[in-house]
Undergrad: 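First the structure, then my questions, so here it is.
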Amino acid sequence: MHRFANPARFLRLTDQLMPWLLAAMLLALGGGLYLALLGSPSDYRQGELVRVMYVHVPAAWMASGVYLGLVIASAVSLIWRHPLADVSARTMAPIGAVFTAICLITGSIWGYPAWGTWWAWDGRMTSVLVLLFLYLGYSALWSALEERDYAARAAAILAIIGGVNLPIIKFSVDWWQTLHQGASVLRRGGPAMPATMLTPLLVMWLAYILIFAVAFIWRMRARLAQQKMLAMQARADAPAPSRAVYQPASMAGEPTA
Amino acid sequence: MNVLVPADQIIYYVIAAYGVAAVGLGGLLWGARASAQHWTTEVERLRGQRMDGRMEARDDA
């Protein structure tokens, strides 16, 4: 694992991987949108409104999944001090925040016609809002602390403590009476929806995963290039060490012009 | 149908949800790509400057 998590190797590997990832992303997104908008049936209770599910639910899964990745990367950063771990954790945070924001906004848009309200302070919605604040707080902490190692440690601890919110999000619909419906895919006894709806949902989820992968790689490349530039600038600004001037032996003793 | 808005208005909610997702994900990808290009260009520029500086120093010597 550590062998592959080397910045130079990461850049080489992603150079080769990127065209394939982009092609797979466009393919999954095109197929997913086709299935979600045209290739799946309307719901017998919600009618066409059910199509909001295909953009809302994968965003919710990604919001939690990316945070789990953030917790793992933070733990690796704290335990092994791996150079790419805190860079990748820091890179994931804004991407996860975007997925969480999409989940909250599309959920609200779905909620109004279905429940009669844009928002309710119930367990699921509130815990996902807390997740958004965790993402924003994590990024803000990185920006607020100037000393890099200190910022990495503080942000990693915050991320790991915030991980307690993940089971709360998942089980909030079981633990409390909520307006939000219970789990219908990731639950005991298998998915409670027909294959005609489950397939577009899973294809859209795959598209979201590939969007995450592409955005993550681009942002990682930006972050690594930024670090490299700062290191180059620091080297350039540092006072030059006094060095003995090299003079070939044949020139030694010759008068200078 | 168990929806609290008139059936002919549902399409607007669906369009709004897909619009939000498109803007969010499109913005995410656009921003990530622009950021990668910007910092890669900056590194190349700085590397070029250092190379020029080294060549000038060598010419001066």
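It should be emphasised that the depicted structure is a prediction, and the values quoted were computed from it without experimental measurement. Numbered from 1 within each chain, the chains take letters A, B, ... in sequence-line order.
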Undergrad: Give a yes or no on whether Trp30(B) atom CH2 has more than 12 heavy-atom contacts from other residues, nucleotides or ligands under 6.0 Å away.
TA: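 Counting neighbours around CH2 of Trp30(B), 12 or fewer heavy atoms of other residues, nucleotides or ligands fall under 6.0 Å, so no.
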Undergrad: What's the separation between atom CZ in Phe99(A) and atom CG in Leu25(B), rounded to the nearest 0.5 Å?
TA: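 These two atoms lie 5.5 Å from each other.
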Undergrad: Quick check on Trp110(A) against chain B: is it the side chain, the backbone, both or neither that has a heavy atom closer than 4.5 Å?
TA: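 Answer is neither: Trp110(A) stays 4.5 Å or more from chain B.
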Undergrad: Side chain, backbone, both or neither: which part of Met25(A) has an atom under 4.5 Å from a heavy atom of chain B?
TA: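 Contact with chain B is through the side chain of Met25(A) alone.
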Undergrad: Sort out for me which of Val214(A), Ile109(A), Thr106(A) touches chain B most, counting heavy-atom pairs under 4.5 Å.
TA: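 With the most close heavy-atom pairs to chain B, the winner is Ile109(A).
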Undergrad: Does some side-chain heavy atom of Ile11(B) sit less than 4.5 Å from a side-chain heavy atom of Glu48(A)?
TA: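 A side-chain contact under 4.5 Å is absent here.
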Undergrad: When only pairs under 4.5 Å are counted, which of Ala17(B), Ala22(B), Gly24(B), Gly19(B) shares the most heavy-atom pairs with chain A?
TA: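 Maximum pair count with chain A is reached by Ala17(B).
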Undergrad: When heavy-atom pairs shorter than 4.5 Å are enumerated against chain A, which of Leu29(B), Val14(B), Val23(B) gives the highest number?
TA: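 Greatest number of close heavy-atom pairs with chain A: Leu29(B).
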Undergrad: For residues Val43(B) and Gln226(A), determine if any side-chain heavy atom of one lies less than 4.5 Å from a side-chain heavy atom of the other.
TA: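 No - every pair of side-chain heavy atoms lies 4.5 Å or more apart.
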Undergrad: Non-hydrogen atoms of chain B under 4.5 Å away: do they reach the side chain of Phe216(A), the backbone, both or neither?
TA: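 Neither part, no heavy atoms under 4.5 Å.
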Undergrad: Would you give the length of the straight line joining atom CD of Glu42(B) to atom CD of Gln233(A), rounded to the nearest 0.5 angstrom?
TA: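 Reported value, rounded in 0.5 Å steps: 8.5 Å.
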Undergrad: Considering non-hydrogen atoms only, spot the tightest contact between Gln46(A) and Ile10(B) and give its length.
TA: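 Heavy atoms of Gln46(A) and Ile10(B) come nearest at O-CD1, 4.1 Å.
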Undergrad: Tyr18(B) side chain to Arg51(A) main-chain N or O, any donor-acceptor pair under 3.5 Å?
TA: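 Such a contact is found between Tyr18(B) side chain and Arg51(A) backbone.
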Undergrad: Let me know if Arg47(B) has heavy atoms under 4.5 Å from chain A in its side chain, its backbone, both or neither.
TA: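 Both backbone and side chain.
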Undergrad: Would you mind checking which part of Ala59(A) comes under 4.5 Å of any heavy atom in chain B, side chain (CB onward), backbone (N, CA, C, O), both or neither?
TA: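 No part of it gets close to chain B.
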Undergrad: Just verifying a value: how many Å separate Arg33(B) CZ and Met18(A) CE, rounded to the nearest 0.5 Å?
TA: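 Arg33(B) atom CZ to Met18(A) atom CE measures 9.0 Å (nearest 0.5 Å).
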Undergrad: In Å, rounded to the nearest 0.5 Å, how long is the span from CD of Gln49(B) to CE of Met232(A)?
TA: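 Going from the CD atom of Gln49(B) to the CE atom of Met232(A) covers 9.0 Å.
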Undergrad: Counting heavy-atom pairs closer than 4.5 Å to chain B, which one of Thr91(A), Ile217(A), Leu29(A), Val98(A) comes out on top?
TA: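 Between Thr91(A), Ile217(A), Leu29(A), Val98(A), the count favours Val98(A).
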Undergrad: Testing the basics here: between Ala32(B) and Ala215(A), what is the closest heavy-atom pair and its distance to 0.1 Å?
TA: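 Heavy-atom minimum between the residues: CB-O, 3.7 Å.
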Undergrad: Please state whether the side chain, the backbone, both or neither of Ile211(A) comes within less than 4.5 Å of a heavy atom of chain B.
TA: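 Both parts, backbone and side chain.
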Undergrad: Should the ring pair Tyr13(B) and Tyr112(A) be called parallel, tilted or perpendicular, given that the plane angle runs from 0 to 90° and is split at 30 and 60?
TA: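 Plane angle under 30°, so parallel.
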Undergrad: Are Val3(B) and Pro113(A) side-chain neighbours, meaning at least one heavy-atom pair lies under 4.5 Å?
TA: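 A side-chain contact under 4.5 Å exists here.
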